[in-house]
Amino acid sequence: PYRSYVTEVLFDCLTNTASYQTIDYFSLPGWKNEPDRRLAYSQADPRPMEFPDVVPNPTQRIIRAVCQTSSITTN
């Protein structure tokens, strides 16, 4: 069945990795109603952020985009 989900991701720009901290799954599309399931992961048991079924896989592109924001300065 189709599910929407919301995640919190921890990015480590020194190692160019990203791991899920939490994932909320919704049984309905569009994030409707309350989540049906919530998973939380500890830093001792990280779950890498991956998109194995997406071609081309955007994982490294997302990490690069997030980590490049550290060089942005404001006036």
Side-chain angles (χ1 to χ4, degrees):
Y2 178 84
R3 288 187 184 186
S4 300
Y5 63 92
V6 174
T7 68
E8 292 178 8
V9 178
L10 176 65
F11 291 89
D12 184 341
C13 295
L14 295 176
T15 61
N16 288 319
T17 60
S19 57
Y20 293 115
Q21 300 298 290
T22 63
I23 303 176
D24 292 332
Y25 290 102
F26 297 80
S27 60
L28 298 173
W31 308 278
K32 294 183 179 167
N33 299 333
E34 292 297 314
D36 295 88
R37 184 174 169 201
R38 179 179 180 91
L39 300 176
Y41 302 107
S42 69
Q43 288 185 358
D45 186 25
R47 294 290 194 266
M49 182 184 75
E50 297 177 339
F51 302 91
D53 298 331
V54 179
V55 177
N57 191 311
T59 303
Q60 288 305 311
R61 193 170 125 205
I62 293 168
I63 293 170
R64 190 171 46 253
V66 169
C67 292
Q68 286 177 350
T69 61
S70 64
S71 64
I72 296 173
T73 58
T74 58
N75 295 328

Student: Checking Arg38 now: which residues fulfil salt bridge (Lys or Arg N to Asp or Glu O under 4.0 Å) with it, not counting sequence neighbours?
Tutor: Asp24

Student: What about Ile23 and Leu10, same hydrophobic cluster or not, with Ile/Leu/Val/Met/Phe/Trp/Tyr joined at side-chain heavy-atom distances under 4.5 Å?
Tutor: no

Student: Treat each ILVMFWY residue as a node, draw an edge where side-chain heavy atoms are under 4.5 Å apart, and state whether Tyr5 and Met49 are in one component.
Tutor: yes

Student: Are Phe11 and Ile63 close enough that some pair of their side-chain heavy atoms sits under 4.5 Å apart?
Tutor: yes

Student: What distance separates Arg64 CZ from Thr59 OG1, expressed to the nearest 0.5 Å?
Tutor: 11.0 Å

Student: My understanding is that only residues two or more places apart in sequence, or in another chain, count here; which of them pass side-chain contact (heavy atoms from CB on, under 4.5 Å) with Pro58?
Tutor: Phe51, Val54, Ile62

Student: Between Ser19 and Pro46, which heavy-atom pair has the shortest distance, and what is it?
Tutor: CB-CB, 4.1 Å

Student: How long is the gap from OH on Tyr41 to OG1 on Thr7, to the nearest 0.5 Å?
Tutor: 10.5 Å

Student: Which residue pairs pass the salt bridge (Lys or Arg N to Asp or Glu O under 4.0 Å) test with at least one member in residues 26-35, sequence neighbours excluded?
Tutor: none

Student: Going by salt bridge (Lys or Arg N to Asp or Glu O under 4.0 Å), name the pairs with one or both residues in residues 9-21, residues two or more places apart or in two chains.
Tutor: none

Student: For the residue pair Tyr25 and Pro35, establish whether any side-chain heavy-atom pair is separated by less than 4.5 Å.
Tutor: no

Student: Applying side chain to side chain donor-acceptor pair (under 3.5 Å), can you list everything that pairs with Asp36, at least two apart in sequence or on another chain?
Tutor: Ser27

Student: Name all pairs fulfilling the salt bridge (Lys or Arg N to Asp or Glu O under 4.0 Å) condition that reach into residues 40-60, sequence neighbours left out, sorted by first residue then second.
Tutor: Asp45-Arg47

